[in-house]
Amino acid sequence: MIVGIDLAHPAAAPLRRWHASGSLRLADLRFDPDPACIALWDFVLSEEDRLRAAQAAGGFIVGAMKDLGTVPVLVAAIPAARAFYPDGAWWLPCLQRHSGGQLAAADRLGIGESFCPVRALLGCYAAGSDFPTPDLDICAVGATCDDFSAVAQRLAGLGRDILWWELPAFREADPGEAVVALPDGQRAPLALAQAVERELERLRQALERATGATIDAAALARAVQAAETVRAQVRTIRQLALAAPAAPLPAVELLLVEILALHFCSDLERCRELLDRILALVQRRVAANEGVLPADAVRVLWLNPVADLRVLQWLEDDGGRLACTDFMTAQAMAPIPMDLPPLAALARTALCDRMIGSDRRRAALAVAEARTYGAEAVVVARIPGASHGCAEGPAMVRAVAGCGWPVAGIEVPTLADSAAGQIRSRLESLMETARARRTVQP
Amino acid sequence: MRRVVFSSPFIPPEFISAHGVQPVRVLQAAAADCHQGRCATAEGLALAPQAEDLLVIASSCDQMRRSAEERTAPTFRFDLPVTWTTANAARMYREELQRLSRFLVRHGGHEPVELAAHLLDHDQRRARLRAGCACLPARAAAEALAGYAATGSVPSADPSPTPADGSVPVALLGGPLPPAAFGLHDLIEACGARIALDGSEGGERGLAAPCDRRLAVDDPLAALVDCYFLAIPDAFRRPDSLLYAWLERGITERGIRAVVLRPDPWCDLWRAVGPRLHDWGCLPVVLAEAGEESGAQPRLATRIQALVEMLS
């Protein structure tokens, strides 16, 4: 078994500069020792530097919010532009162990603890800290969560001129209504796909106006092709990692891989190179049946990203491993249909966003996928203050009713240390229950 | 006649009645102790339909959108666009009306008949309601508005204007104020103020704008888009400028001197309006969280009394 290393280990040396510059939580985490995984961490942590360098060199920076996977593909069609997700600020309070003051700044702006930790982005904008102030903010609203919509509107109230676009709620087709196939195998009403496509066309035009660049069909097709290459790499890594008898990647590293599909960490070329290295690593380990965790680890379906990355490592410490994930990134990993006009294709992948549909649909999709990976238990990681949080757990309980999988709900704050006892007790209990079911059927 | 239950001000009752079914707008909330994180207003709507009723839930917020999921009775989720300044958004609203029409026809309604006449009739009722409410004490006006929401009826005669009483005119802003919470009006009046601008969802803020009569005849759906979708201000809309334009107009016309903001406990959308109002800086703001009218009444009364003392 490959043993994780801490920050003091020589192999983790490239990450120490990030700890020295304020990412204090790194000292509490464990890392996969392979150089490809260390490079993955370094790539994610260095994004803000890349963005600042790009802006200083005259590049156009787009802050895409909430769509998680769609707008960056459009932006990739403009050579001098880069997109990133200010949403990602929700990890900063964890990474910086609250030393960055983002949440306190959001508090001062009246957006307190009753809102999801994504409110940290307000602090970044207000202080001009952590990421460069974008040249254009684009925010998806419609079926997005109220927390985010409220936080983004607060940002607009502070003077940011946000370009809003409508990402409508997913719905089933009405009787007799024309449908289209989505890349994840579902069907959506044609009218819904067309409405999203019209919105993307509006964004395309707005980006042209803002940057002076021409985003023609050929440029879009190239961007879509490049994005699909990244998505395919992420899908392959994820499938191998989740299916392998011995987990070839730790949970946090797998989460980082999924995140790369969202916006390529604002460097598409390096992103592809890095994913190639990770893929080679995973293939090598799977072929050798090498894992980072004991082979009998309980296979867990994990719902929602965690504001504190440490919690995923607690799962591993307590005898679990990821066997399926819904980190709200399904739409960013959905294959982009290459046989459609680019915007129509992007619209269909945007509709694969599980968060825009019902909790029942989301749970059902996650459970269907988890079955293929032999899941044994479910963790619903609730997001503090999230407006959708109260329904996710019950929906998941109903979805797994026929599977016999035990379900645990935990709420993960931005720094979970003070809740460690409660969270770990629940995880331990879940692992024990799942192990017992291997031999004793309910 | 089959009833169609809904709560959103963006669902036109005249559109529903044109299908030969009875629109019933409910403003009630569930008991305040519904489980943590669950919005009492969304829960109240979910509990409102009786057997055979149809339910229409507008997706104006996360909780409403998701509360449509668990229904087994016929339920229509009206996907209300959050954006409103684009042609695409208006088109989506119009298409949702058409989809609602097909739903109603599938569930016992008929194809819309004399939609323009229904539209103009309700436009007249709302005009009478507005005029009447301007003369009524705040609670009586709220009751008249709730009556129109529930049954479509409006007071038959214009009341005589209420004489000025020297109380401080304030605006109420927030989500639905359920009839069970109308005591807030009494509480505010007992403190020496009065709600002169009702910006709750069931209040005048939620009334459709006056209708273009010619457009109503030529293209009733376009008229509905105009007087509902493009006119009603709300906290969920992006951008939210309609809300502040409406508030500013009301402040000017009615001499409003403070805002009482009443968010539901789990409502991020209205809660985030608070700091924005503070930045806006036009008027002092008092936060009166839903439920405070009963449970924490003395505390709320003290705060409103302090506000009145400051303004007197």
Side-chain angles (χ1 to χ4, degrees), chain A residues 108-112 114-116 119 139-154 156-158 161-162 164-171 174-177 189 191-192 194-196 198-199 201-202 356-361 382 385-392 394-395 398, chain B residues 34-39 42-43 59-70 76-89 91-92 95-96 98-100 102-103 106 235-241 243-244 263 265-280:
Chain A
R108 287 193 293 277
L109 292 167
I111 302 297
S114 65
F115 292 83
C116 149
R119 67 195 175 99
C139 183
V141 285
T144 56
C145 51
D146 294 346
D147 303 79
F148 203 97
S149 181
V151 165
Q153 183 59 61
R154 186 76 186 100
L158 297 174
D161 184 12
I162 295 176
W164 308 100
W165 70 282
E166 191 80 27
L167 179 57
F170 181 88
R171 64 174 175 82
D174 291 331
E177 189 176 16
L192 201 60
Q194 289 174 330
V196 176
R198 286 195 299 272
E199 285 295 90
E201 169 60 20
R202 193 164 64 80
I356 66 172
S358 68
D359 290 309
R360 182 187 292 173
R361 166 192 181 241
R382 286 196 302 274
S387 53
H388 46 84
C390 68
E392 289 167 343
R398 282 190 291 273
Chain B
C34 60
H35 76 265
Q36 190 182 28
R38 176 69 167 141
C39 165
E43 184 70 8
S59 64
S60 50
C61 66
D62 228 349
Q63 296 251 351
M64 281 292 182
R65 174 163 69 88
R66 290 166 195 275
S67 70
E69 296 170 14
E70 302 308 326
F76 182 84
R77 192 188 70 203
F78 191 104
D79 288 331
L80 196 54
V82 167
T83 55
W84 59 278
T85 58
T86 68
N88 195 27
R91 177 174 169 176
M92 289 163 79
E95 288 176 354
E96 281 301 285
Q98 292 167 324
R99 211 165 63 80
L100 173 60
R102 293 191 290 272
F103 170 83
R106 278 200 307 276
F236 77 89
R237 315 203 74 182
R238 296 291 174 268
D240 64 355
S241 48
L243 184 63
Y244 294 91
W266 308 106
C267 181
D268 294 329
L269 295 168
W270 279 107
R271 190 166 298 279
V273 169
R276 177 97 160 83
L277 280 173
H278 282 292
D279 285 356
W280 196 48

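In the text below, chain A, chain B and the rest are named by the order of the sequence lines, each starting its count at 1.
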Cut-off 4.5 Å, heavy atoms of chain B, and the answer for A:A152 is neither
Honestly, the part of A:L158 sitting under 4.5 Å from a heavy atom of chain B is side chain
**Request:** Given side-chain contact (heavy atoms from CB on, under 4.5 Å), test B:F236 with B:S60 step by step and report yes or no.
**Result:** CA-CA 7 Å; B:F236 77 89; B:S60 50; 3.8 Å; yes
Does any N or O in the side chain of B:R238 come within less than 3.5 Å of the main-chain N or O of A:S149, such that one atom is a donor and the other an acceptor? yes
ring-ring contact (aromatic ring centres under 6.0 Å, His included) filter on B:F76, not counting sequence neighbours, yields B:F103
Ranked by heavy-atom pairs below 4.5 Å to chain B, first place among A:G110, A:A143, A:C116 goes to A:A143
Residue pairs meeting salt bridge (Lys or Arg N to Asp or Glu O under 4.0 Å), one or both in residues 268-278 of chain B, sequence neighbours left out, come to B:D240-B:R276, B:R271-B:E289
Bottom line for A:R154: the part with an atom under 4.5 Å from chain B's heavy atoms is side chain
**OP:** Could you check B:R106 against B:R102 for side-chain contact (heavy atoms from CB on, under 4.5 Å), going step by step and ending with a plain yes or no?
**Re:** CA-CA 6 Å; B:R106 278 200 307 276; B:R102 293 191 290 272; 4.1 Å; yes
Interface check, chain B: of A:S114, A:S358, A:A195, A:G142, most non-hydrogen pairs under 4.5 Å belong to A:S358
Bottom line for A:R361: the part with an atom under 4.5 Å from chain B's heavy atoms is neither
Under 4.5 Å to a heavy atom of chain A? For B:P239 that would be both
Heaviest contributor of heavy-atom pairs below 4.5 Å to chain B, chosen from A:P168, A:P175, A:G112, A:C139, is A:P175
Counting heavy-atom pairs under 4.5 angstrom with chain A, the leader among B:V273, B:L80, B:D79, B:T85 is B:D79
Okay, A:A169 and chain B: the region with an atom under 4.5 Å from a heavy atom over there is both
So, the part of A:F170 with a heavy atom under 4.5 Å from chain B: the answer is backbone
**Asked** Going by an N to O cut-off under 4.0 Å, is there a salt bridge joining B:E95 and B:R91?
**Response** yes
Do B:Y244 and B:L277 come within less than 4.5 Å of each other through their side chains, counting heavy atoms only?
yes
Is it the case that the side chain of A:R198 and the backbone of B:N88 share a donor-acceptor pair, with hydrogens and angles ignored and the cut-off at 3.5 Å?
no
